[in-house]
Amino acid sequence: MTTPDCYACSKEAEFDDLSPRECVVYDQHWRVAHAFNTAVPGWLVLLPRTTAGDLVTVCGWRR
């Protein structure tokens with residue numbers, strides 16, 4: 001599922017052209033990128049490669 005205003009979807013559309021800092025490592029579900037404008041240099045973030053409504057949906061957790 002893709003959403004026009006979704007950051008993850010917009011980056012996934014240009015996945016093959018992402019700079020190395022935007023795609024440090026990746027698999028079919030996630031990618032790791034360098035965060036910008038943070039107090040900690042070298043901070044990394046984990047980003048979903050599809051639209052994520054909430055953590056339960058992304059991880060498949062159930063109550």
### Query
Which pairs count as side chain to side chain donor-acceptor pair (under 3.5 Å) when at least one residue sits in residues 14-26, sequence neighbours excluded?
Lys11-Glu14, Glu22-Arg31
### Query
Looking at residues at least two apart in the chain, or sitting in another chain, which of them share a side-chain hydrogen bond (donor to acceptor under 3.5 Å, both in side chains) with Gln28?
none
### Task
Look at the side-chain heavy atoms of Ile, Leu, Val, Met, Phe, Trp and Tyr, link any pair under 4.5 Å apart, and say whether Val40 and Val45 land in one connected group.
yes
### Message
Quick check: is Phe15 connected to Leu46 through a chain of hydrophobic side chains (ILVMFWY, heavy atoms under 4.5 Å apart)?
### Response
no
### Task
Determine, using the 4.5 Å side-chain heavy-atom cutoff (strictly less than), whether Phe36 and Trp43 are members of one ILVMFWY cluster.
no
### Query
With the 4.5 Å side-chain cut-off for hydrophobic clustering, are Val32 and Leu18 part of the same group?
no
### Query
Under the side-chain hydrogen bond (donor to acceptor under 3.5 Å, both in side chains) test, which residues partner Arg49, sequence neighbours left out?
Glu12
